[in-house]
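One structure below.
Labels below follow one simple rule: chain letters A, B, ... track the order of the sequence lines, proteins then strands, and each chain is numbered from 1. Computed from heavy atoms alone, side chains included, the values below leave out hydrogens, waters and symmetry copies.
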Protein chains: 2
Amino acid sequence: MTDENQPQMTRIQQKNRELILEGALGAFSANGFRGATIDQIAEAAGLSKPNVLYYFGSKDEIHKTLLTTLLDLWLAPMLGIDPEGEPLDEVLRYVSTKLQMSRDYPRESRLFAYEVLQGAPHLSEILGGRLRELVDQTVAILARWIDEGRLAPVDPRHLIFSIWALTQHYADFEVQVRAVLGPGHDPYAEAEIYLENLFRRMLEVEAGR
Amino acid sequence: MTDENQPQMTRIQQKNRELILEGALGAFSANGFRGATIDQIAEAAGLSKPNVLYYFGSKDEIHKTLLTTLLDLWLAPMLGIDPEGEPLDEVLRYVSTKLQMSRDYPRESRLFAYEVLQGAPHLSEILGGRLRELVDQTVAILARWIDEGRLAPVDPRHLIFSIWALTQHYADFEVQVRAVLGPGHDPYAEAEIYLENLFRRMLEVEAGR
DNA sequence: CTTGATCCTGACCTTTTGGTCAATATTTCC
DNA sequence: GGAAATATTGACCAAAAGGTCAGGATCAAG
């Protein structure tokens, strides 16, 4: 629909669109769509407001571009699940990767959190479309593993939800996590251990059963 | 600090403040603080904008009142954990109660989600104060149970985080959950089963170990 | 039924903010 | 080096939104 990756783009365009999206990521993830202002984005990008509007026609367009651009990065780890791998290892690796994404890309996590909280006005088609299909693929793999008795029988879709919820929680609610833990804690390091144990115990197929 | 539960309050005051807070809950939980407008709140409450401002001095005050008022409701279930009860039952009951809160009070869940996402500007003292103490109390109970070998050894604080994350996910990300599941699913009914199984398997102390 | 307190509102003010535009600067490319 | 394309901005606009206020309506109490 929207023009994307135009073949022709000057270096200046490339650089400035980059700067704008980077600034917008900070602004939107900190304040939500309504809370962020074009002025904030412009300042973060080191550009003037009209100049920002020169590259993106509207605040909405910046937001939409940002979301669609980052969606691939965000969903990539799920594609990393190897259907031929050892089931438990594959799931645990996915969990670990997602947790690291929360640690390394908390702004992205919050950006999506805001969007979905709001009712996903810019992502609704994607949620029921591409995302759903991607989940369905993964669910098929998980279901097969369960069928083969190599993974404890759990609802695969809710398994995926729980991975998302548990890992993104540490980015989206970081303030709360840190406040409750108090100083002297590394939330992500602790979470890594906790979550590995959680999913291992839930999904392991005990010999004696 | 702020005047609360003044002994004297006319029926009109009582009713209108109620209406305003109810309308504000809808507005704030749907759009976040910045996204909600006093006009929206006024309309939802069936009052004029100046009239809303007559009862609450500012938008900020409405928000703060709402948060502090609802916090008790929101945290109450944690106090329901009985230190003398059967450990696993107590935890599972807490999980189930929290999940029902997400189902029955999704607006409240989203209200807090927005607030924490934003960095909890109106709750920061509470997070590191009352909430933390409340968590510490519960952690003490859980730690004792683990010590007594009646619960599998897990980090109690992260156990609490995981309960929050997993239950509130169904309210905060409801759009996503429904989009991915597609029609013909009852997210909460399925979650109830899934989560009970999850926590049971994680926390159960197997005999043969 | 009167009077003081409470309640309510239309009109208005100010700030913020998304967005426009004409004019100017800069870059590109022949 | 100069024309055409591209990039940039100060000034401005209109709408949205938080908040004020004087005055009128309504209610409670004696």
Side-chain angles (χ1 to χ4, degrees), chain A residues 2-3 5-67 114-115 118 121-122, chain B residues 2-3 5-67 114-115 118 121-122:
Chain A
T2 41
D3 56 274
N5 65 345
Q6 290 205 354
Q8 309 300 43
M9 218 198 275
T10 64
R11 275 174 305 169
I12 296 179
Q13 272 170 36
Q14 194 118 28
K15 188 193 67 178
N16 283 349
R17 285 178 63 103
E18 196 91 9
L19 286 172
I20 292 167
L21 291 176
E22 173 67 20
L25 175 57
F28 287 138
S29 68
N31 309 106
F33 180 75
R34 299 286 298 266
T37 71
I38 301 184
D39 281 292
Q40 278 175 26
I41 298 172
E43 178 163 1
L47 301 173
S48 69
K49 180 165 75 164
N51 206 9
V52 168
L53 271 315
Y54 170 74
Y55 288 101
F56 292 90
S58 67
K59 185 181 170 183
D60 231 78
E61 194 184 321
I62 301 175
H63 191 238
K64 198 175 283 189
T65 303
L66 195 58
L67 282 175
Y114 271 118
E115 174 67 7
Q118 205 116 33
H122 288 156
Chain B
T2 41
D3 55 276
N5 65 346
Q6 290 205 352
Q8 309 299 44
M9 217 199 275
T10 63
R11 274 175 305 169
I12 296 178
Q13 271 169 40
Q14 196 117 30
K15 188 193 65 178
N16 283 350
R17 285 177 64 101
E18 195 90 11
L19 285 173
I20 292 167
L21 291 176
E22 173 67 21
L25 176 57
F28 286 137
S29 68
N31 309 106
F33 180 74
R34 299 285 299 267
T37 71
I38 302 183
D39 281 292
Q40 277 174 26
I41 298 172
E43 178 163 1
L47 301 174
S48 70
K49 180 166 75 165
N51 204 11
V52 168
L53 272 314
Y54 171 74
Y55 288 102
F56 293 90
S58 66
K59 185 182 169 183
D60 230 78
E61 194 184 320
I62 301 176
H63 192 237
K64 199 175 281 190
T65 303
L66 196 57
L67 282 175
Y114 271 118
E115 174 66 6
Q118 206 116 31
H122 287 156

Worksheet item: Rounded to the Å, how far apart are A/Q14 CD and C/dT27 P?
Response: 18 Å

Practice prompt. Could you check which of C/dC7, D/dG19, C/dG18 has an atom nearest any side-chain atom of B/I12?
Written response: C/dC7

Discussion item. Tell me the interatomic distance from A/I62, atom CD1, to C/dT17, atom P, rounded to whole angstroms.
Written reply: 15 Å

Response to the item:
Of the candidates D/dG19, C/dT17, D/dT6, the side chain of B/R34 sits closest to C/dT17

Discussion item. Check the phosphate of D/dA7 against A/Q13, side-chain N and O only, distance under 4.0 Å to OP1 or OP2. Yes or no?
Written reply: yes

Discussion item. Please pick, from D/dC27, C/dC21, C/dG19, the nucleotide with the shortest atom-to-atom distance to any side-chain atom of A/P50.
Written reply: C/dC21

Worksheet item: Does the side chain of B/Y114 reach to within under 4.5 Å of the side chain of B/N31, using non-hydrogen atoms?
Response: no

Discussion item. Between A/F28 and A/I41, is there a side-chain heavy-atom distance shorter than 4.5 Å?
Written reply: yes

Worksheet item: Is any side-chain N or O of B/R11 closer than 4.0 Å to OP1 or OP2 of D/dA28?
Response: yes

Worksheet item: Taking CZ from B/F56 and P from D/dT20, how many angstroms apart are they, rounded to a whole number?
Response: 15 Å

Practice prompt. Check if the side chain of A/K49 and the base of C/dG18 share a donor-acceptor pair of N or O atoms closer than 3.5 Å.
Written response: yes

Worksheet item: Just to confirm, is there a sub-4.0 Å distance from OP1 or OP2 of C/dC7 to any side-chain nitrogen or oxygen of B/T10?
Response: yes

Worksheet entry | Between P of D/dC27 and CE of B/M9, the distance in whole Å | 19 Å

Fill in: Nucleotide of C/dT20, D/dG19, C/dC7 approaching A/L53 most closely (side-chain heavy atoms)
C/dT20

Worksheet item: Considering heavy-atom distances to DNA chain C, does A/T37 or A/G57 have its closest nucleotide positioned more toward the 5' end?
Response: A/T37

Worksheet item: Is A/S48 near enough to D/dG10 that one of its side-chain N or O atoms lies under 4.0 angstrom from OP1 or OP2?
Response: no

Item to complete: Quickly work out the B/D60 CG to D/dG19 C1' distance and round it to whole Å.
Response: 13 Å

Discussion item. Rounded to whole Å, please give me the gap between CG in A/D39 and P in C/dT15.
Written reply: 16 Å

Worksheet item: Under the 3.5 angstrom rule, does the side chain of B/Q40 hit a backbone N or O of B/A36 as a donor-acceptor pair?
Response: no

Practice prompt. Rounded to the nearest 0.5 Å, what's the gap from CG on A/L67 to CZ on A/F33? Could you check?
Written response: 9.5 Å

Worksheet entry | Gap between atoms NZ and C1', on A/K15 and D/dT6 respectively (whole Å) | 13 Å

Discussion item. So, does B/Y55 get its side chain near the phosphate of C/dC8, meaning an N or O under 4.0 Å from OP1 or OP2?
Written reply: yes

Worksheet item: Is there a side-chain polar atom (N or O) of A/N51 under 4.0 Å from OP1 or OP2 of D/dG10?
Response: no

Worksheet item: Hey, does B/A42 reach any base, or is it just sugar-phosphate, or nothing, if we go heavy atoms under 4.0 Å?
Response: nothing

Practice prompt. Tell me, please, which residues at least two apart from B/E43 pass side-chain hydrogen bond (donor to acceptor under 3.5 Å, both in side chains).
Written response: none

Worksheet item: So does A/Y54 get a side-chain nitrogen or oxygen closer than 4.0 Å to the phosphate oxygens (OP1/OP2) of D/dT8?
Response: no

Worksheet entry | A/G26 versus A/S29, closest heavy-atom pair with distance | O-OG, 3.2 Å

Discussion item. Whole angstroms only, please: what is the NZ-C1' distance between B/K59 and D/dA16?
Written reply: 11 Å

